[in-house]
Amino acid sequence: MAATTRITVTLPTEQVTELRKLTDNTSGYVAEAVARQIRHQLLGEELRRYEEEQGAFTEEELAAAHTRIFGSSESGSGAAGA
């Protein structure tokens with residue numbers, strides 16, 4: 001088990017109400033949300049650093065990344081689908 005530290009967090013009442021509807025494990029839920037945000041920020045930093053060194057991503061690179069992450073978006077769209 002990972003080491004933990006107890007902290008106090010203040011959230012808007014509406015968020016707490018919705019959070020309690022979603023889970024009985026608020027600590028786990030909040031920990032996962034924080035971990036996701038940290039990963040998001042670190043990835044953003046890496047992408048900015050890459051673009052500073054290598055230049056902006058091309059449309060082809062962005063399309064390939066989108067397909068790899070989300071799958072093909074070609075089906076049922078565009079002129080071929082009409």
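What's counted below: heavy atoms across the whole structure, side chains too, no hydrogens, waters or symmetry copies. Sequential numbering from 1 along the given sequence is applied to the chain's residues. Only a predicted model underlies this, so the values are computations on that prediction, with no experimental measurement involved.
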What is the distance from atom CZ of Arg48 to atom CD of Glu45, rounded to the nearest 0.5 Å? 6.0 Å
Does the pair Glu52/Arg49 count as a salt bridge with the N-to-O cut at 4.0 Å? no
Qualifying side-chain hydrogen bond (donor to acceptor under 3.5 Å, both in side chains) pairs with a residue from residues 23-35, counting only residues at least two apart or across chains: Glu32-Arg39
Considering residues at least two apart in sequence or located in another chain, which fulfil the side-chain contact (heavy atoms from CB on, under 4.5 Å) criterion with Phe57? Leu47, Tyr50, Glu51, Glu61, Leu62
Interatomic distance, Glu46 atom CD to Gln41 atom CD [nearest 0.5 angstrom]: 13.5 Å
Test: side-chain hydrogen bond (donor to acceptor under 3.5 Å, both in side chains). Region: residues 1-17. Which pairs qualify, not counting sequence neighbours? none
Verify the cluster assignment for Val34 and Leu22: are they in a single hydrophobic cluster under the rule of side-chain heavy atoms below 4.5 Å apart? yes
